[in-house]
Amino acid sequence: MDSSSSAPAGASARMSQPFAPPQQNIPRIQRALLDWFAVNQRRLPWRVHYTPYEVWVSEVMLQQTQMERGVDYFNRWMARFPDIAALAAADEEAVLRQWEGLGYYSRARHLLAAARKIMAEHGGAFPSDLEAIRALPGVGPYTAGAIASIAFGEKLPCVDANVERVIARVFDVDSPVKQDPAAGVVRRWALRLVPEGLAREHNQAMMELGALVCRKKPRCEVCPLAVFCSSRHLGIVEQRPVPGKKAVIKPVQAVTGVLRRAGRVFVQKRPPSGVWGNLWEFPGGRVEPDESPEQAVVREFMEETAFTVRVAATYGIIRHGYTTYRLTLHCFGLELADAAQSALPQLTAATESRWARPEELDGLAMPAAHRKLADRLFAVAPSAAHTP
DNA sequence: CAGACGTGGGA
DNA sequence: TTCCCAAGTCT
């Protein structure tokens, strides 16, 4: 552990080249990276054609998402929406159902909106101009650069969390990478590293290196850039990148109820903005202080639908983790307290509702926790299960 | 600029 | 079980 000995950390265990400062060895870094990528890149469905559409969809899909999961979603997406025109012509309902389980549903809504914009404003051809790409809904600075460089070969860097990590280590960036002095430094080095005419390969190589080798727990033994790595030379790889502030996870108690009537269940469609925008759910909400889950679900139904309901069954608890909360969802079976009351709700938290046959739920996009509950109650026949 | 926006998997 | 993610964008 003691790195104060004369040899740089890691240099003693095996034969190694002397440290070569990265600032003076850009061409060697570029070559080492490309050579490494040529041999070690994973075979992925979006690394075959490099059409703008495929690059775009894969980049959006992989935002905040693990590669493993992205592959299945990507293949199913391309089978269902093979090109921009097919996507533009799709119903949002179908698009969200394809996306179900991936989270951050605004990505799917933006993808659809952007496809329609491309049809309307670019004659159906994906724009190659960086500004036009950036103007598409859901395309921010990262994704615009990724598409421009990977699909169109523009000499631009892609700076995602992987690349930030690689650069923070190789160039020993010693302040939080997400914030400004460091973010600018990272962008500058990222740009200087892009070789002429090879932006596609280089940018993917940087991200792939971050994903496979320069991970949070780095594998310096197999890193093609080890000899150029400043933080490794200093024995502080584990201290790079410097982290920002971390989120506080707060526990939340919530309820949801499956209201049944004549063999059907009540579901409602959430508003377009906010969490789970345009997805279908069983009504519910938070448990207030000094309130039991049973009381909460009755109150929430009254507030959201004007139905007076009664708890008829307890369906247990579903635990679901989020970025900023840890949800404990108490689930109930409900019936109308007065069987004679109208089956027409007065919606206050939804844009539409329906009394659905249980099989119908399979065609509706629902949040993961609600899908979990639906599956638990109405076990889907294996042949019908195309749930992610 | 900080906070919202999801999820299943690995340590 | 709990913690921490993983190829960001929008407001």
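We use all heavy atoms of the structure for the numbers below, so side chains are in, but hydrogens, waters and symmetry mates are not. Just so it is clear: chains get the letters A, B, ... in the order the sequence lines come, proteins before strands, and each one is counted from 1.
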query = Is the charged tip of A/Arg354 near the ring of A/Trp280: under 6.0 Å from the six-membered ring centre and within 45° of its axis?
reply = yes
query = Cation over ring, A/Arg200 on A/Tyr50, under 6.0 Å and within 45°?
reply = yes
request  = List in chain and number order the residues that pass side chain to side chain contact (heavy atoms under 4.5 Å, CB included) with A/Ala85, two or more places apart in sequence or in another chain; answer none if no residue qualifies.
outcome  =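 Per chain and number, A/Ala85 pairs via side chain to side chain contact (heavy atoms under 4.5 Å, CB included) with A/Asp83, A/Met119.
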inquiry  = With heavy-atom distances below 4.5 Å as the criterion, would you say the side chains of A/Val139 and A/Trp56 are in contact?
reply    =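 SC-SC contact between A/Val139 and A/Trp56 confirmed.
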ask   = So do A/Thr256 and A/His370 actually touch side chain to side chain, heavy atoms under 4.5 Å?
value =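 A/His370 vs A/Thr256: side chains touch.
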Find the distance [X]:[atom1] to [N]:[atom2] and express it as a whole number of Å.
X: A/Met61; N: C/dT9; atom1: CE; atom2: P; value: 16 Å
X: A/Arg326; N: C/dC5; atom1: CZ; atom2: C1'; value: 16 Å
X: A/Asp160; N: C/dG8; atom1: CG; atom2: C1'; value: 9 Å
X: A/Leu136; N: C/dC10; atom1: CG; atom2: C1'; value: 15 Å
X: A/Glu59; N: C/dG8; atom1: CD; atom2: C1'; value: 11 Å
X: A/Arg109; N: B/dG6; atom1: CZ; atom2: C1'; value: 12 Å
X: A/Leu62; N: B/dT7; atom1: CG; atom2: P; value: 17 Å
X: A/Glu208; N: C/dA6; atom1: CD; atom2: P; value: 14 Å

Between [X] and [N], is there a side-chain N or O to OP1/OP2 distance below 4.0 Å?
X: A/Thr65; N: B/dT7; value: no
X: A/Tyr105; N: B/dT7; value: yes
X: A/Tyr325; N: B/dC5; value: yes
X: A/Trp276; N: B/dT7; value: yes

Sticking with atom [atom1], work out how far [N] lies from [M], rounded to a whole angstrom.
N: C/dA6; M: B/dC5; atom1: P; answer: 22 Å
N: C/dT11; M: B/dG6; atom1: P; answer: 13 Å
N: C/dC10; M: B/dC1; atom1: C1'; answer: 13 Å

query = If you find the nucleotide of DNA chain C closest to A/His110 and the one closest to A/Trp46, which residue's nucleotide is nearer the 5' end?
reply = A/Trp46
request  = Using the closest heavy atom to pick a nucleotide of DNA chain C for each, name whichever of A/Thr143 or A/Lys216 lands nearer the 5' end.
outcome  =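 The residue whose closest nucleotide sits nearer the 5' end is A/Lys216.
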ask   = Taking only residues two or more places apart in sequence or in another chain, which ones pass salt bridge (Lys or Arg N to Asp or Glu O under 4.0 Å) with A/Asp174?
value =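 Testing A/Asp174 for salt bridge (Lys or Arg N to Asp or Glu O under 4.0 Å), a comparison that skips the adjacent residues, returns none.
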Determine the contact category for [X]: base if any of its heavy atoms lies under 4.0 Å from a base atom, sugar-phosphate if only primed atoms, P, OP1 or OP2 are that close, otherwise nothing.
X: A/Val139; answer: sugar-phosphate
X: A/Arg47; answer: base
X: A/Met67; answer: base

inquiry  = Between the base of C/dG8 and the side chain of A/Tyr142, is one N or O donor paired with an acceptor at under 3.5 angstrom?
reply    =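 A donor-acceptor contact between them is absent.
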What are the atom names and distances for every N/O pair under 3.5 Å that joins the protein to nucleotides 8-11 of chain B?
none

request  = Could you check A/Tyr73, A/Phe74, A/Trp77 and say which one makes a ring-ring contact (aromatic ring centres under 6.0 Å, His included) with A/Trp99?
outcome  =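 Looking at A/Tyr73, A/Phe74, A/Trp77, the match for A/Trp99 under the ring-ring contact (aromatic ring centres under 6.0 Å, His included) is A/Trp77.
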ask   = Salt bridge between A/Arg116 and A/Glu121, side-chain N to carboxylate O under 4.0 Å?
value = no
